[in-house]
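For the numbers below, each heavy atom of this structure counts, side chains included, while hydrogens, waters and symmetry mates do not.
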Amino acid sequence: MRKLRWVKDDDGFWDLDVSTPATLNGIARPAPGDPIPSVLGLSRGIRLSRPKQLDFFQRFMFMPFIPSYSNASPHAHGNGFSLQRVLSLPFALDRWFGTVLGQLNVQKLASSIKRNGFRQPNDESPWFKNIARHLSDKSLYAIDFCSEFFPTPDDSLQFSLESYGDDDYKTPRKKAVFHHKFPHHNLTLEAASPGLFVDKNGGFWDIPLNMAIDLASVASDIGPSYHICVNHNAGSPKSFGTHKNDGIPPASIQPGLSATTAFSLKNSIDIWRSEAPKLKKVQPYDAFLSNPHISASGIIGGVMSACFGDNSVRATTGDGFGVGVRRGNCAILADSFATVSLSAQLGSFQKMFFDLTRFQALLDFPSGSTFLTGATHLAKDLYNSQTPNLKTFQQISPVTTLSFQQQLVGPFSFRVDSGIKWGMENGESFVEVKDPVFAVEYALQVLASAKAVAWYSPRQQEFMIELRFFES
């Protein structure tokens, strides 16, 4: 773990990997330009690989098997409660880490036993032999081979190969990821075949070949930051799993090459910060959550994307961009964005009970041009004493996310993140809870700021246990 670089969780506009148990690798990339469907399931910065997470759980938290649930995996036939275990390869090399991650689909095994029974007609075999017969079904299993190299303290190179025993999913997943740590930047090169993407509706899509180069400045509480990403998709997207979608993949993941750059300015202010002394000789459960405060932050920036190929159709569909120019299979898109957040915390997370209460409201304006158009129409309607229509409210309404966390006992806390949709319909305003995610967090006090997170998404019908570092 000490060889990997971690960055503090930070509010921002950048597309971040979404955690999902749909594959053994544990992550999916959001379709560029689409809102991320869940907040809690995000990975921030350079994340610990899934095999290393499981290895930590087994070695230091005495969890022989790590459970997960996904209603998206084709190898689960639409329903899959699974158990995972990782085996570290016995090579005593500081710069190399090899693992074999295995998964057993317990739910499918139980369904097979229930459907076929322990015994076949006229079968007098012992019960354990009949169970062994059920366990010999290769479709119950999935396996991931992962190898990580650390050429220097600032570099990591990861290779992984996933294979599923189910005949409905014969294509193995291959991925190579290279990370380099600059003094104030992170560089990532990634190639995946197929690459897994998730759209704004929570639907998964496989891209036969995806390659990306990503350079991002390290997040900070104040000042400028930028993000440059070059992405290439080869082959037509195919629907993955059982999640419903409209059958039309997002334009941004169509075959082609795209280059996107974004620049932003951030400022944070403390409305109130507690100066009360902390308990002496008592270490907080999480160093990042030990300062009661009320603070606000704002981000404003611009983004520009150049597309070459079938994905250039985004210029004609709009897709949230303010300016789009297309000539043949080439297009240039540009827009501005803004984010406003309010964070409040009570308690220093030192006492045994209810010493941490956190709340955060995040308002995202992903398209400045759309907001400006809506604000202009709203002002015109009000000036003419007309009732604004639904489209006007949708244009000016921010993408709102609320987060609440409460300590239960000791290092355990409960957290819920949810989007909030508001607007007007039939002349009446409405507020709707959208895509909530529930979680129980266990703070690993001895590591200053680390936690095990068990989260469940009702919309995605996914459950997962993760290990996270330096996320507030």
TODO: Please determine, by modelled atom types, if Ser348 and Gln350 share a side-chain donor-acceptor pair under 3.5 angstrom.
DONE: yes

Task: Any donor-acceptor N/O pair, Gln406 side chain to Leu356 backbone, under 3.5 Å - done: yes

- [ ] Using modelled atom types only, decide if a donor and an acceptor are shared between the side chain of Asp286 and the backbone of Phe288 within a distance under 3.5 Å.
- [x] yes

Open item on the list: Using modelled atom types and a 3.5 Å cut-off, is there a donor and acceptor pairing between side-chain atoms of Gln407 and backbone atoms of Gly410?
Closed with: yes

- [ ] Mind telling me whether Phe412 and Tyr442 have parallel, tilted or perpendicular rings, with 30° and 60° as the class edges?
- [x] tilted

TODO: Can you sort out the partners of Thr392 under side chain to side chain donor-acceptor pair (under 3.5 Å), two or more places apart, ordered by chain and number?
DONE: Asn389

Open item on the list: Just checking His179 against Phe150, ring centres under 6.0 Å apart?
Closed with: no

- [ ] In sequence, state the C-alpha distance, the side-chain angles, and the governing distance for Gln107 and Ser82, and then conclude on side-chain hydrogen bond (donor to acceptor under 3.5 Å, both in side chains).
- [x] CA-CA 7 Å; Gln107 188 163 335; Ser82 303; over 6 Å; no

TODO: Tell me, with the steps shown, if Ser19 and Glu466 meet side-chain hydrogen bond (donor to acceptor under 3.5 Å, both in side chains).
DONE: CA-CA 9 Å; Ser19 298; Glu466 293 188 87; 2.7 Å; yes

Open item on the list: Tell me whether Arg59 at atom CZ has more than 12 heavy atoms from other residues, nucleotides or ligands lying less than 6.0 Å away.
Closed with: no

Task: From CA spacing to verdict: salt bridge (Lys or Arg N to Asp or Glu O under 4.0 Å), Arg459, Asp435 - done: CA-CA 6 Å; Arg459 181 205 189 194; Asp435 308 334; 3.2 Å; yes

Open item on the list: Does Tyr456 form a ring-ring contact (aromatic ring centres under 6.0 Å, His included) with Phe463? I'd like the steps, not just the answer.
Closed with: CA-CA 4 Å; Tyr456 174 69; Phe463 166 79; 7.3 Å; no

Task: Pair Tyr226 + Phe263: ring centers closer than 6.0 Å - done: no

Open item on the list: Between Thr20 and Glu462, do the side chains contain a donor N or O and an acceptor N or O under 3.5 Å apart?
Closed with: yes

TODO: List the steps, then state whether side-chain hydrogen bond (donor to acceptor under 3.5 Å, both in side chains) holds for Asp417 with Ser403.
DONE: CA-CA 4 Å; Asp417 287 24; Ser403 177; 2.9 Å; yes

TODO: Using the six-membered ring wherever Trp is involved, compare the ring planes of Phe365 and Phe371 and label them parallel, tilted or perpendicular (cut-offs 30° and 60°).
DONE: perpendicular

Open item on the list: Regarding Ser413 and Gln405, do their side chains bring together a donor and an acceptor under 3.5 Å, going by distance alone?
Closed with: yes

TODO: List in chain and number order the residues that pass side chain to side chain contact (heavy atoms under 4.5 Å, CB included) with Ser147, two or more places apart in sequence or in another chain; answer none if no residue qualifies.
DONE: Trp96, Phe149

Open item on the list: When you compare the side chain of His232 with that of Ile207, does any pair of heavy atoms fall below 4.5 Å?
Closed with: no

Open item on the list: Taking Pro64's backbone N and O only, do any of them form a donor-acceptor pair with Arg85's side chain (distance below 3.5 Å, no angle check)?
Closed with: yes

Task: Spacing of CG belonging to Asn291 relative to NZ belonging to Lys278, to within rounding of 0.5 Å - done: 4.0 Å

Task: Under 3.5 Å: donor-acceptor pair, side chain of Asp270, backbone of Trp272 - done: no

Task: Counterpart residues, side chain to side chain donor-acceptor pair (under 3.5 Å), relative to Gln283 (two or more places apart) - done: none

Open item on the list: Under 3.5 Å, is there a donor on one side chain and an acceptor on the other for Asp144 and Asn25?
Closed with: no

Task: Verdict with supporting geometry, Ser297 and Ser268, side-chain hydrogen bond (donor to acceptor under 3.5 Å, both in side chains) - done: CA-CA 4 Å; Ser297 65; Ser268 301; 4.5 Å; no

TODO: Answer yes if the ring centres of Phe182 and His184 are under 6.0 angstrom apart, and no otherwise.
DONE: no

Open item on the list: Suppose we screen for side chain to side chain donor-acceptor pair (under 3.5 Å). Which residues come up paired with Thr400, at least two apart in sequence or across chains?
Closed with: none

Task: Polar contact flag, side-chain donor to acceptor under 3.5 angstrom, Ser49-Gln158 - done: no

Task: Neighbour count above 12 (heavy atom, 6.0 Å) for Lys351 NZ - done: no

- [ ] Look up atom CG in Leu467 and atom NZ in Lys52, then write down how far apart they are to the nearest 0.5 Å.
- [x] 11.5 Å

- [ ] Taking side chain to side chain contact (heavy atoms under 4.5 Å, CB included) as the test, write out the residues that go with Lys380, two or more places apart.
- [x] Asn384

Open item on the list: The criterion is side chain to side chain donor-acceptor pair (under 3.5 Å); which residues satisfy it with Ser68, sequence neighbours excluded?
Closed with: none

Open item on the list: Under a plain distance cut-off of 3.5 Å, with no hydrogens placed, do Asn311 and Ser252 share a side-chain donor-acceptor pair?
Closed with: no

Task: Phe240 six-ring centre to Arg173 NZ/CZ under 6.0 Å and within 45° of normal - done: yes

